[in-house]
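Reviewing the structure listed below.
All heavy atoms count here, side chains included; hydrogens, waters and symmetry mates do not. Proteins come first, then strands; the chains are lettered A, B, ... in the order of their sequence lines, and each starts at number 1. Quantities reported herein were computed from a predicted structural model and do not represent experimental measurements.
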Amino acid sequence: MLTFADIVGLDTAKQALLLLAVNPALAGVTFAATVGSGKSTLARAFAALLPDDAPFVELPVNVTEDRLLGGLDLEATLASGTRVIERGLLARAHGGVLYVDGLNLLDHSVMAYLIEVMTRGAVHVEREGLSAVHPARFVLVGTYDPSDGEVPRGLLDRIGLIVPFALQTDADLRAEVVRRNHLRRRSDAAGCLSEAASDEVHMLRAMIADARARLSQVHIQDEQVEALIHASLSLGVEGNRADVFAVQAALAKAALDGRNSVDDDDLRLALRLVLLPRATRLPEADDRRKTEDDAASLPNRSNQNHEGQEASNEALQTQPEQIEELLLSAASAELPKDVLNLPFAVQRRGRSGGRGATLNSQRGRFVRAVEGAPQGNRIALLQTLMAAAPWQAVRRREARDGQSSRAIPHAAPRVCIRKEDLRVKRFRDKAGMLYIFAVDASGSMAINRMREAKGAAIRLLQDAYVHRDQVALVAFRGRRAQVLLQPSQSVERAKRELDVLPTGGGTPLASALLTAWQLARQARGRGIPQATLVLMTDGRANVGLEGSDSDRSDAQLPPSDPRSQKAQLQAELQRLAALLRADGMQTIVIDTQANYLSRGEASKLAEWLGGRYVYLPNARAEQITKVLT
Amino acid sequence: MTAVEVTHARSSERNGVMARTAVNYPFTAIVGQDEMKLCLLLNVIDPRIGGVMIMGHRGTGKSTAVRALADVLPMLTRVKGDPFNRSPEEVLLDEPNAAKAAANGSAQSAKLKTERIPVPVVDLPLGATEDRVCGTIDIEAALTQGVKRFEPGLLARANRGFLYIDEVNLLDDHLVDVLLDVAASGWNVVEREGISVRHPARFVLVGSGNPEEGELRPQLLDRFGLHARITTITDVAQRMEIVRRRRAFDADPQAFVAAWEPQQKALRRRITAAQKHVADVEMPDDALMFAAELCMRLGIDGHRGELTLARAACALAAFEGRRCAAREDVKRVALPALRHRLRRDPLETTDAGERIERALAELEART
């Protein structure tokens, strides 16, 4: 087994985990990492650092409601004839760690329960005739593969430390990973944890225990708290929970370093792991310029650290704004240049994932029980018992009589259940439809098109609250398509995030199709099986996929002959259309080209996509919604 | 009530357990968010206001406030061990048999034993199934004793108290339907698994949620008397106070609660006094007219708007120890009483709050 120290890379994640081990008030750590970067190994190694009696519970992403929250203990209930409740996974993690690999793949309802339980610190079971309260205070360690999409904000908000995603590309590091892994395998094969490794574990455990004991004595100055709050304000962090997390993170860092007072480094780390990932905007423009200047002069400052120490300490005591400035300047190197990369602002785009969970008739919400055979179904125990209940007296008598005649005495069962009593669960999947509006934002009429598409999206959401439908909006212009609204049910969010609609530039139609396909894929992973693409365009593509991905500089250059270039674009579109079609995407192409200009591109596209073609040159929001419903 | 036996022990026992284990953050120690706090208190003073829906950002103390409310609520008197928290009068009305039995018994005055319990604040968890919400057949009794007995659900426990649903916009649709039915009629009717029961279920419905998580069904929104909106506090001093108090509470909950007990006690006294006087608060024609005109100006359908305005204004006057609700009281409760009743226009970008403010200003200017 690999130990905590064996894992190379993921350094920030390791640091965050140590802080969490010291201070459970931080509630959790989440970090993104690609497949094979050792995230699960790290989480398990983390468990080894905790006290022996702390449970480590792994939550599979396809967990069912009764396993999650608790339900009837089948065996015990049948044996005793009284209801016996089995604690769910959340309750079993009480006092320890709940580990989720694939935080972004959790079912919508599972996510809601998880948030609820984290808020209350207890599981309230009110289901299937059971009623109980189980304590469930745990810290959450959640990892995810960013290519499968984002972790919903509602959950992120409850997690204290959010480690930003960093690719691990260093070749030396990679070699080191392999080397250590190999060594460890050999020592494992020898049947023991090497001495050095167990020393490491002991040392870390001692360090954590020491820091935990120290934590309550660590002092943070009011000015430092104020600085964190200022930073959180200027980053537009939502809610007041993050302030508390930031303070707790700074305290934990100080305790871990064996100090009794919080210093600048602690504040910087708190800013990095708590506040920055929650930013919804970048600091004001002039703030930013200032911070960039500061960042440029930062190396100097660290060189003169010895004499600067006192001065900065003095500043700490007088001017919170100065600390804030210092904080933001240190962080400015990490601030994404583009506000679109902030998960709490507009969620980032993901690449297509290879791991979409498929829809399962055994998932979703248990709605009713029907008669049926248990094969391939889940037994509805309560309903089965109810069906059997009225017959118990008769059957017990029968059982007694039968026994005496056969003269083989054996105890009559407490409950006699026969085949005809069996009831199985029927589930209803809450999933609705995902509507993806892909809107051509290039050209002069783009503003109108965008506005009407926004109106249609919002209308659809307002009508869709019963169906649990979701809406996403993709705009394509310039070099590539961009997701303006990630799949959402919220009218409010749609209104807010579609406030600014960028227009103008070329027409990267292929990129729009690819983006829609990716969105549909991700949605399927979250249990929304069906997607409908509403494509609003004149169909005249003039930017291919190469244009949409600047990283592909090694790809062959487009031929200079404009005719063959056009043919290539068409071929690309045709290929993508076939892909969407094969994936079962329903499509409606809304042709917005003025009549006299139309050369039938849009209708051809609809044909390729196997979708409907609608001609609405001045498409209005009402018309679009009518077409859809 | 029909003559079906009712399982008592389990629910009352659990009530006790919950009361002992949970240490809530004190209501009076919550910083800011005055609209939300006022909406909750007005409902305590006059439950006919019809509940409150709290919508707002994450991490702004919505559920903290609702759970804290339990500790400032006065006690209520119920028949000892009654699973529906009924008063003796209600039991006698509901169960003529019990009345007769009591009358025939030795105690001529038909006295039922009573007890004082805290007003219940019942949490409805998201994963709750319908049978636990409404109640169902007591399966144990059916299996082991062959008795058909009703086991009350959460709605029974919430009678005469508060029913709280966090993340109400994520609640399953069919449960929402059940809740709407019961909230409208005040009665829970159970017809399932051979059980036929009808019991009172009058409660103040409190919901909270984040508008970004999903839309709320308009029918559900209408059911709530008041609609409070809360946002992130941006005042630095207030936020520092929040962090300070939160840390103190987390470090030693018992000591923190003890330190705030004087304020809690004072609030409890104020609430009790207001409850006693709210029925006597008068509302002059001038204030009533103002409420009606405001609703007309905003184009609000039906009369629920005016009624809620009037009730909330009277409760506010009572809370502040006045015997007369004035135009000023109407203005102060207008936002939460009306913001969810305006017609919804998909492309309207003006905030409902702004529209109400504008209507108020126009009305003021005219008179």
Side-chain angles (χ1 to χ4, degrees), chain A residues 25 65 69 81-83 109 112-113 115-116 119-120 124-133 153-154 157 216 222 225-226 229-230 233 237-244 247 365-367 382 385-386 388-390 392-393 414-415 430 455 458-459 461-462 465-466 489-493 495 621, chain B residues 10-11 14 17-18 21-22 57-61 63 67 123-129 131-133 136-140 142-144 146 151 153-154 166-167 170 172-174 193-194 210-218 232-234 236 239-240 242-244 246-247 250-251 344 346-347 349:
Chain A
E65 276 181 32
L69 303 171
T82 58
R83 277 172 294 191
S109 63
Y113 299 141
I115 291 173
E116 188 185 33
T119 313
R120 294 186 185 180
H124 292 236
V125 185
E126 296 289 352
R127 44 189 293 112
E128 296 183 56
L130 298 165
S131 176
V133 180
R153 285 180 270 187
D157 185 54
S216 62
D222 280 356
V225 176
E226 201 175 338
I229 291 171
H230 272 298
L233 276 170
V237 176
E238 191 180 281
N240 308 102
R241 196 175 283 136
D243 298 350
V244 180
V247 169
R365 225 192 132 70
F366 165 43
V367 276
L382 183 71
L385 289 175
M386 280 172 176
Q392 291 310 303
R414 296 287 299 268
V415 184
K430 261 208 287 208
I458 290 171
R459 252 163 205 279
L461 280 180
Q462 281 174 335
Y465 52 80
V466 186
Q489 287 178 11
S490 162
V491 174
E492 193 137 328
R493 199 167 144 199
K495 278 184 182 167
Chain B
R10 196 168 301 126
S11 56
R14 194 195 22 256
V17 171
M18 291 220 355
T21 51
H57 288 166
R58 307 180 184 90
T60 42
S63 44
R67 300 208 166 96
D123 256 309
L124 186 99
L126 278 179
T129 50
D131 59 302
R132 278 305 309 145
V133 173
T136 187
I137 185 172
D138 183 336
I139 183 74
E140 266 174 57
L143 285 178
T144 55
E151 184 174 2
L154 293 176
D166 195 7
E167 306 285 0
L170 301 182
D172 208 62
D173 290 330
H174 79 276
E193 283 112 22
N210 184 334
E212 284 193 15
E213 303 281 350
E215 270 310 284
L216 201 63
R217 291 167 64 181
T232 307
I233 291 174
T234 50
V236 176
R239 281 174 76 146
M240 290 187 65
I242 292 173
V243 174
R244 199 172 296 136
R246 191 75 226 179
R247 281 184 65 204
D250 287 341
R344 290 154 66 91
L347 298 177
T349 48

### Task
Over all heavy atoms of both residues, which pair between A:Thr119 and B:Ser63 is shortest? Give the atoms and the distance, please.
CG2-OG, 3.9 Å
### Query
Side chains of A:Asp243 and B:Ile242: does their closest heavy-atom pair fall under 4.5 Å?
no
#### Entry: B:Thr60 portion near chain A, given a 4.5 angstrom heavy-atom threshold
both
### Task
Give, for atom NE2 of A:His124 and atom CG of B:Leu154, the distance between the pair rounded to the nearest 0.5 Å.
10.5 Å
### Summary
In terms of heavy-atom contacts, B:Met240 and A:Asp222 come closest through CE-O, 3.2 Å
### Query
Out of A:Ile229, A:Val247, A:Val237, which one racks up the most heavy-atom pairs below 4.5 Å with chain B?
A:Ile229
### Message
With chain A as the partner, which of B:His57, B:Arg244, B:Arg239 has the greatest number of non-hydrogen pairs under 4.5 Å?
### Response
B:Arg239
### Query
Would you say the side chain of B:Pro125 lies within less than 4.5 Å of the side chain of A:Arg120, judging by non-hydrogen atoms?
yes
### Residue B:Ile233 versus chain A: region with a heavy atom under 4.5 Å
both
### Message
Can you tell me how far apart CG (B:Asn210) and CD (A:Glu238) are? Round to the nearest 0.5 Å.
### Response
6.0 Å
### Message
Need one label for B:Leu124: side chain, backbone, both or neither, based on atoms under 4.5 Å from any heavy atom in chain A.
### Response
backbone
